[in-house]
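Here is the structure we will look at.
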There are 2 protein chains.
Amino acid sequence: METDLFKSWIARGRLKATRQREEILNVFFNSHGHQNLAQIYAQVMKVDPKIGYTTVYRTLKLLTRHGLALQRKFADGETRYEPVSDKSHHDHLICLGCGKIIEFEDKDMEALQEGIAERHRFKISHHRMELYGQCADCRSKKKNSARKG
Amino acid sequence: METDLFKSWIARGRLKATRQREEILNVFFNSHGHQNLAQIYAQVMKVDPKIGYTTVYRTLKLLTRHGLALQRKFADGETRYEPVSDKSHHDHLICLGCGKIIEFEDKDMEALQEGIAERHRFKISHHRMELYGQCADCRSKKKNSARKG
DNA sequence: TTTGAAATTGAAATCCAATTTCATTTTAAG
DNA sequence: CTTAAAATGAAATTGGATTTCAATTTCAAA
Ligand SMILES: [Mn+2]
Ligand SMILES: [Mn+2]
Ligand SMILES: [Zn+2]
Ligand SMILES: [Zn+2]
């Protein structure tokens, strides 16, 4: 369990320690990430069916405000959350075939972005970068069905 | 007026030529771009107050389907539309201070994206790339107020 | 330990942009 | 012209996000 994380979050946020918050945090930090609220809520329900959707909603919002969660909105329009761990910033490859989300980081990319911004005398605070297409699995599946068909 | 564009759109889409569609298209292609539906509707109203919001909505959706408009969703969550002209693909710098949207294109960036995708055996169909921060104007304003305060 | 103000919870209500419905009007093919 | 299909627009609906509010819980102070 993420006991330390929970305690430090509660302390730093001057929040009250509740069973609900601890359970939601545990579920969230043990999930795969990139889940929407309904999915997180469903997982929370398994642990404790009495916790309300509203509380999950508010807790994720709090976690986001305090930097422990990131809200992501990819092109499908769904609002997803991912836990923020010690691993650094990353961007995403998103498969339009199977929905798989692959994370990557690329220093050259970030440097290039800074260069572009400078040319426009623009100071970047953050960015969004997503690559949409077909993953390796979906590409080979498509190739096979084309061969058969 | 974009008479030719209108005619070819109607023809290619096997649509019916209506006053509403022509007026909406004209307003849209003479706008600055990156406008939401309410803003486009407001402009259409000035030309012809009888046109319904629903028709503007449906027309923009049609234009999007036919490749004459692009729907953009930046981080503020608003749905915006921009006319697709002959100019090629571009990405955006978005000022968090004043909302200004600057367009840019960068061949190196696109090449780098291809490289990243290849490394993951991923085939890109399109991407989204937005840089958020402060534009030149907002930066100098901030500097001035800091000097005074 | 008891107390009580403030914070939290959760069901229900509200919000609001996106989308659909449907009666009426318009288009364009024949 | 005639007429079926398409388009329009006001109104209704949808669905996720957010707020409300009465009841419950936390926790610091007594
Ligand atoms: Mn991620
Ligand atoms: Mn643009
Ligand atoms: Zn895939
Ligand atoms: Zn600015």
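Letters A, B, ... are given to chains in the order of the sequence lines, protein chains preceding strands, and every chain is numbered from 1. The analysis underlying the following values was restricted to heavy atoms, covering all of them including side chains, and did not include hydrogens, waters or symmetry mates.
Counting only N and O atoms by type, the side chains of A/Gln39 and A/His32 include no donor and acceptor under 3.5 Å apart.
Separating the OH atom of B/Tyr57 from the C1' atom of D/dA10 is a distance of 16 Å, rounded to the nearest angstrom. Remark: C1' of D/dT8 and CG of B/Leu15 are 14 Å apart, rounded to the nearest angstrom. Nucleotide D/dA6 holds its P atom 17 Å from the CD atom of B/Gln20, rounded to whole Å. Atom CD1 of A/Ile10 is separated from atom C1' of D/dT26 by 11 Å (rounded to the nearest Å).
Counting 5' to 3', DNA chain C first comes under 4.0 angstrom of a heavy atom of chain B and last does so at the ends given by C/dA18 to C/dA28.
Atom-to-atom distance recorded for A/Thr55:OG1 and A/Glu23:CD is 11.5 Å, nearest 0.5 angstrom. Here the CD atom belonging to B/Gln43 is positioned 5.5 Å from the NZ atom belonging to B/Lys46, to the nearest 0.5 angstrom. How far CZ of A/Arg128 is from CG of A/Asp91: 11.5 Å, rounded to the nearest 0.5 Å. Interatomic distance, A/Ile116 CD1 to B/Met109 CE, rounded to the nearest 0.5 Å: 3.5 Å. Taken from CG in B/Leu5 to CG in B/Asn26, the straight-line distance is 9.0 Å, to the nearest 0.5 Å. For the atom pair A/Leu60 CG and A/Leu25 CG, the distance stands at 9.5 Å (nearest 0.5 Å).
Among the protein residues, A/Thr54 comes within range of the nucleic acid bases, having at least one heavy atom under 4.0 Å from a base atom.
Contacts between residues 31-44 of chain B and DNA chain C, defined by a heavy-atom separation under 4.0 Å, are absent.
At least one side-chain heavy atom of A/His66 sits less than 4.5 Å from a side-chain heavy atom of A/Leu15.
You'll find a donor-acceptor pair under 3.5 Å spanning the side chain of A/Arg58 and the base of D/dT20, going by distance alone.
A/His34 pairs with exactly one of A/His92, A/Arg72, A/Glu78 by the side-chain hydrogen bond (donor to acceptor under 3.5 Å, both in side chains) rule, that one being A/His92.
Each of A/Ile51 and B/Tyr53 was matched to the nucleotide of DNA chain C holding its nearest heavy atom; the match closer to the 5' end belongs to A/Ile51. Heavy-atom nearest nucleotides on DNA chain C were determined for B/Gln71 and for A/Thr59, and the one closer to the 5' end corresponds to A/Thr59.
The side chain of A/Lys61 has D/dT18 as its nearest neighbour among D/dA7, D/dT26, D/dT18. Among the nucleotides D/dA6, D/dT8, D/dC27, the one closest to the side chain of B/Lys16 is D/dA6.
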